Protein chains: 2
Amino acid sequence: MSETTRVRRKRGSITQDEIVTAALRLTDREGESALTFARLGHELKASPTAVYRHFANRNEILRALANHLDGISIDGYVPTDDWRRDLEDLGWRAWRTAITHPAAAAISLSLVSNGANELRAVEWVLRAIHCAGVSGRDAVVQYQVYTNLVLGSAGAQAARLSAADAVESSEGWIQVYAPKDPSRYPHAEAVKAELTSVTYEEVFAKQMQMYLDALAMTSAGRSEAPA
Amino acid sequence: MSETTRVRRKRGSITQDEIVTAALRLTDREGESALTFARLGHELKASPTAVYRHFANRNEILRALANHLDGISIDGYVPTDDWRRDLEDLGWRAWRTAITHPAAAAISLSLVSNGANELRAVEWVLRAIHCAGVSGRDAVVQYQVYTNLVLGSAGAQAARLSAADAVESSEGWIQVYAPKDPSRYPHAEAVKAELTSVTYEEVFAKQMQMYLDALAMTSAGRSEAPA
DNA sequence: ACCTGAACACCGTTCAAGT
DNA sequence: ACCTGAACACCGTTCAAGT
């Protein structure tokens, strides 16, 4: 923490890419709440307001961050002939990105970025669905179902991890709705013991398999057999 | 807009319930960003800081709001012998609440409220899953899958509607991806025409049916036949 | 015991002024 | 053309003072 000799940054020295990279570094290190113009400016060694030359507002930064995460997810992905493997692969890529960058994913994953990487991912999902023998209107519906599933699960997991990083969980305050009467909730009670042994990753795996099974049924008889 | 004669509110005249109700009114009327202490205080005809006597912080208000929405969803629900009908019913109840109160749902639905209504909903979902012939560890996993699906879809829809209320852009359906090089995205291009004819409600319906089919398969042979 | 007003340390955003 | 500093209208939260 030495005193920094603040130099004026040359014009054109700040790019959208540099800002997004700084935003990811910031959120990875210090969580969701660290993504402010002030701290972004400090991270870039520039004035907070300089960012406004490159993004219209905070939401545009979030959308660019979403697209950046999409890029991390699909980096190195190559489509194959096996639609089932492809959809599973793409899903786990999103999951891994979400748990690697939970804070960034939590604040940006639910946004439609309209970015190039998102478009690429959309294309690949539609390709896999086409390979599964679903086309036209049904393909659009299946694309949406798949996206809901993957982004919903990965986003929820990111939110959980990000929240766990951030809060100390406020004890000492009135737990208004305590489980006062466990006998009224027999099924919840019966299953209580198993709760700790189930992981969200396992749930995601199961959810993915159920979806892929159902999709295979939808296109039953038409799906091309793997070589 | 006459000048109000501000009277000091009597002690004990503000309750958690009144605050949550005011919060819902506020977000329904003016969107997500309206949920501030200042406007909450104004809505309650009280000082903004009075709310702190009843909630530790803003997040606790959001959790109470989530529980309130849970209450709206399950109001009047009665479990039946038909697990499939029950899970479908509970899912659509959540969906309807989300589209009726999009702003409130968008900011609170992803939170675990730990409230009484949430606990009741959990119990009923577990009950239905039990009726479907799934128990123990598998029941916990299936509960999570179902919750992921319903809250993910309803929450995403709420966020879309809430954002659409706030900004002017975005037509009914999928955002137009910058079509700079359509030939590189043949599957997206091929399916473009169908986009406008598919609604998110239809996607949710499909997703629900796929899940229920898959769950029925999981418990195949063991499910009790409806009378 | 509960409600209020002033104060604090932040926010996103705007804009005239620098270089 | 791009970066900066000051200013504006807000935030959530704290706390001593009222009743």
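Keep in mind that what you see is a predicted model, and the values were worked out from it rather than measured. Every chain is numbered from 1 and lettered A, B, ... according to where its sequence line falls, protein lines coming before strand lines.
Residue Phe55(B) contributes atom CZ, which lies 14 Å from atom P of dC2(C) at whole-angstrom precision. Rounded to an integer number of Å, the gap from CG of Leu40(B) to P of dT13(D) is 12 Å. As rounded to whole Å, 10 Å separates atom P of dT13(D) from atom CG of Leu62(B). Note: CD1 (Ile14(B)) to P (dC3(C)) measures 5 Å, nearest angstrom. In this entry the distance linking CG of Asn59(A) with C1' of dG12(C) reads 12 Å, nearest Å. Here dT13(D) presents its P atom at 10 Å from CD of Glu60(B), a figure rounded to the nearest Å. Distance Leu44(B) CG to dC3(C) P: 10 Å, rounded to the nearest Å.
The side-chain contact (heavy atoms from CB on, under 4.5 Å) check on Glu60(A) picks up Phe55(A), Ala56(A), Asn57(A), Arg63(A), with sequence neighbours excluded. Under the rule for a salt bridge (charged side-chain N to carboxylate O under 4.0 Å, His left out), the partners of Arg137(A) that lie at least two apart in sequence or sit in another chain are Glu202(B). Judged as a ring-ring contact (aromatic ring centres under 6.0 Å, His included), and not counting sequence neighbours, the contacts of Phe37(A) are Tyr52(A). In terms of the side-chain contact (heavy atoms from CB on, under 4.5 Å) criterion, residue partners of Thr36(B) (sequence neighbours excluded) are, by chain and number, Ala38(B), Arg39(B). In this structure, His101(A) has no ring-ring contact (aromatic ring centres under 6.0 Å, His included) partners at least two apart in sequence or on a different chain. Applying the salt bridge (charged side-chain N to carboxylate O under 4.0 Å, His left out) criterion to Arg160(A), with sequence neighbours excluded, gives no partner residue. Every residue was checked against the side-chain contact (heavy atoms from CB on, under 4.5 Å) condition with Thr100(A), not counting sequence neighbours, and none meets it. Leu151(B) pairs by the side-chain contact (heavy atoms from CB on, under 4.5 Å) definition with Leu109(B), Thr147(B), not counting sequence neighbours. By the ring-ring contact (aromatic ring centres under 6.0 Å, His included) test, Tyr143(B) is found to be paired with no residue, residues two or more places apart in sequence or in another chain being considered.
Side-chain contact, Gln142(A) with Tyr211(A): a donor N or O sits under 3.5 Å from an acceptor N or O.
Looking at Arg127(B), its side chain never comes within 3.5 Å of a backbone N or O of Pro186(A) through a donor-acceptor pair.
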Can you check nucleotides 6-11 of chain C for protein contacts, nitrogen or oxygen pairs under 3.5 Å, and list what you find?
none

Short heteroatom pairs, N/O only, protein and nucleotides 16-19 of chain D, under 3.5 Å:
residue, atom, partner, partner atom, Å
dG18(D), N2, Arg8(B), NH1, 3.1

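Put simply, His54(B) has no side-chain N or O that comes within less than 4.0 Å of OP1 or OP2 on dC2(C).
In this structure, the nucleotide among dG12(C), dT4(C), dG5(D) sitting nearest to the side chain of Tyr52(A) is dG12(C).
Consecutive Watson-Crick or G-U pairing (both distances under 3.5 Å) extending over three or more pairs maps onto DNA chain D as C:4-8 with D:12-16, C:12-16 with D:4-8.
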